[in-house]
Asks: 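Right, I'll just put the structure down here and ask away after.
Worth saying up front: this structure is predicted, and the values here are computed from it rather than measured. Every heavy atom of this structure was used, including side-chain atoms; hydrogens, water molecules and symmetry mates were not.
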2 protein chains.
Amino acid sequence: MNANLADDALYRIDMMQVSASDDPSPCLGLGLAAAPPFDAGAREALKRIARQHEPVPPGSRLHEAGEPFTAIHAVRSGAVKTVRRDASGEERIVAFHLPGEFFGLSAIADGHYATSAVTLTTTAVCSLPGQHLFRLACEHAGLQRQLMRLLSGAIRTEQGQYAALAGHNAEVRLAFVLDQLRARMNHPAHAGATLRLPMTRAELGSSVGLAAETTSRLFHRFTDRGLIEARGRRITFLDPLALHHLGAPASAAEASAAAARAADHLPVVDSTCS
Amino acid sequence: MNANLADDALYRIDMMQVSASDDPSPCLGLGLAAAPPFDAGAREALKRIARQHEPVPPGSRLHEAGEPFTAIHAVRSGAVKTVRRDASGEERIVAFHLPGEFFGLSAIADGHYATSAVTLTTTAVCSLPGQHLFRLACEHAGLQRQLMRLLSGAIRTEQGQYAALAGHNAEVRLAFVLDQLRARMNHPAHAGATLRLPMTRAELGSSVGLAAETTSRLFHRFTDRGLIEARGRRITFLDPLALHHLGAPASAAEASAAAARAADHLPVVDSTCS
DNA sequence: CGGGCCGTTGACTAGATTCAAACGCGGTGG
DNA sequence: CCACCGCGTTTGAATCTAGTCAACGGCCCG
């Protein structure tokens, strides 16, 4: 069926991204998402300023909200959560970060980290000191471009999460985040293999605004329907496609025929003010 | 009281930001948030590539999700909403954009707009074509830096919205968004002046995942408590401080004494790999 | 003057949180 | 090797919040 083909293509892309990010030092690829037009010089220079950290135990705090910005970080192995403490003292999870993904990007704006970063499992990260990175970006256009893409991609991801959260019920929200995790954890779309979640039910729920109990109940429901099989943190995706479609309402619909529209329907008053 | 002083300072900053963004062409200041270390050359060059568009009527679609990326946009006057259409065909509001604010930033990542942008009122925008902007950023370090800050700031804003949405009830969510709007619309913190919201109840609610009816009921409740006074889109903030505190649980708590911590508690394995 | 959109209000319902208690599992120490 | 302890998870029951459906009123614009 047509829908199946489209879905397969989607998942293949996911897998490529993740397998590419198996690179032990994502800092050197800078997120690599799309085009990697890196001249060798830029990559070499990145290598010089990148700091490779050795693994730290679960629960380690990598940076705290409010601390002055020093560097952006990427996960080499393991998993990290970024959290915000709200006025009532509760800790709310902003995002999870898996191998190959960057965090701490929101600190560039005003020179202070907006979130705290905590490791969920034994985790190794690498970091790119801001000062050096920005200097380098001045010299290498490709690097600058890729850095912009990285930041822009983070905005897009946040927007997606936000849209997923707003106006969808618990079931869709959890399906969405589980599907996301599966895709990002280098897990094939076809049924079968098992994988170990790095976070608790409470954390998983908190990341989409659900109570731990609700999350547990939904796990049960998904199991009943044959979508997944879960024992503790071990989860098996029995029907990843169904799970994906369940969470799909939260994803943006593809704009099909938007190409035809020209971009100049805004009247230009003063285009090249001398 | 101490709390009052702190709040006053907060609001004063808000006002300064907005009054500064009264600049008819925010593109030339590039968001201006923090430090503006713009050499005159950069500003002059920005002026050359910036396009100033004349006002368009409400409901105009500025760009569609899926269209190829051409430029980033900023609001000069009026208001814009960015929306996503989800799989069930429903339109979900991602954000509102008021004068001085940029939108379309998430399109840089993969060269396609992730959202559609629609004007809420008669609105004038200006735009910075991506190609020219990136070329310029290569030549002017200050501009590059400011562009990064702009993108990073957008990430932070999204994270804040996200945290506000997750795990807070309708009352807090609406108070949060109202307080945000008041602050961004150049509206003084002290009680009094009236301002005209550019969006409907349904849009306001949708932006924080609420039904239009719920939004209306909350307006009523806030009015009963003497926080606001609303007739249609005209809203008067009778007790902005109380409203701010009501929505505050959604804001990140200030990390008070985070300065003491050093940033090098991560063991460095390979800092300058030759 | 008419019509449509926006806003309001009420009643009902479904869904998610909360409180409470029990269970399983992995770890540690005896 | 086994007993014990603690955390994370599960399950149940009650509560309540917010969504939905429906109808009405009002405002603005044509």
Asks: Answer yes when B:E203 and B:K81 have at least one side-chain N-carboxylate O distance shorter than 4.0 Å, and no when they do not.
Replies: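 So B:E203 pairs with B:K81 through a salt bridge.
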
Asks: Between atom CZ in A:R234 and atom P in C:dC25, what is the gap in whole Å?
Replies: 14 Å

Asks: Hey, is A:D179 close enough to A:R182 for a salt bridge, meaning N to O under 4.0 Å?
Replies: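 Answer for the salt bridge query: yes.
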
Asks: Find the distance A:R221:CZ to C:dA14:C1' and express it as a whole number of Å.
Replies: 11 Å

Asks: Could you check B:L210 against A:R233 and say which one's nearest nucleotide on DNA chain D is further toward the 5' end?
Replies: A:R233

Asks: Taking any heavy-atom pair under 4.0 Å as a contact, classify A:G209: base, sugar-phosphate, or nothing.
Replies: sugar-phosphate

Asks: In B/S/- notation, 5' to 3', how is nucleotides 20-30 of chain D contacted by protein heavy atoms closer than 4.0 Å?
Replies: BBB--------

Asks: Can you tell me how far C1' of C:dT17 sits from CD of A:E90, to the nearest Å?
Replies: 13 Å

Asks: Output the rounded distance in Å from CG (B:L197) to P (C:dC6).
Replies: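 Rounding to the nearest Å, CG of B:L197 and P of C:dC6 are 14 Å apart.
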
Asks: For A:T115, is there any backbone N or O sitting under 3.5 Å from a side-chain donor or acceptor partner on A:H63?
Replies: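 Flag set: sc A:H63 to bb A:T115 pair under 3.5 Å.
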
Asks: What verdict does the side-chain hydrogen bond (donor to acceptor under 3.5 Å, both in side chains) test give for B:Y113 and B:E67, after you've listed the backbone C-alpha separation in whole Å, the side-chain angles of each residue and the deciding distance to 0.1 Å?
Replies: CA-CA 6 Å; B:Y113 291 104; B:E67 278 181 358; over 6 Å; no

Asks: Okay, side chain of A:E101, backbone of A:L98: is any donor-acceptor separation there less than 3.5 Å?
Replies: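 Checked: pair present.
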
Asks: Mind calculating the distance between CD (B:E229) and C1' (C:dG7) to the nearest angstrom?
Replies: 17 Å

Asks: Starting at CG of B:L165 and ending at C1' of D:dT17, how long is that distance when rounded to a whole Å?
Replies: 15 Å

Asks: Do A:E171 and A:R225 sit within salt-bridge range, that is, some charged N less than 4.0 Å from a carboxylate O?
Replies: yes

Asks: In whole Å, what is the span from the CZ atom of A:F219 to the P atom of D:dT9?
Replies: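 Going from CZ in A:F219 over to P in D:dT9 covers 9 Å.
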
Asks: Has B:H220 got a side-chain N or O lying under 4.0 Å from the OP1 or OP2 atom of C:dT8?
Replies: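 No.
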
Asks: Write down the distance between CE (A:M199) and P (D:dT9), rounded to a whole number of angstrom.
Replies: 11 Å

Asks: Among C:dG7, D:dG8, D:dT10, which is the nearest nucleotide to the side chain of A:R201?
Replies: D:dT10

Asks: With a 4.0 Å cut-off, would you call B:E91 and B:R84 a salt bridge?
Replies: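 The answer is no: the pair does not qualify as a salt bridge.
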
Asks: Start at the 5' end of DNA chain C and walk down; is the nucleotide closest to A:R231 or to A:E171 reached first?
Replies: A:E171

Asks: Could you please name the option among C:dG15, D:dT17, D:dG8 that lies closest to any side-chain atom of A:T200?
Replies: D:dG8

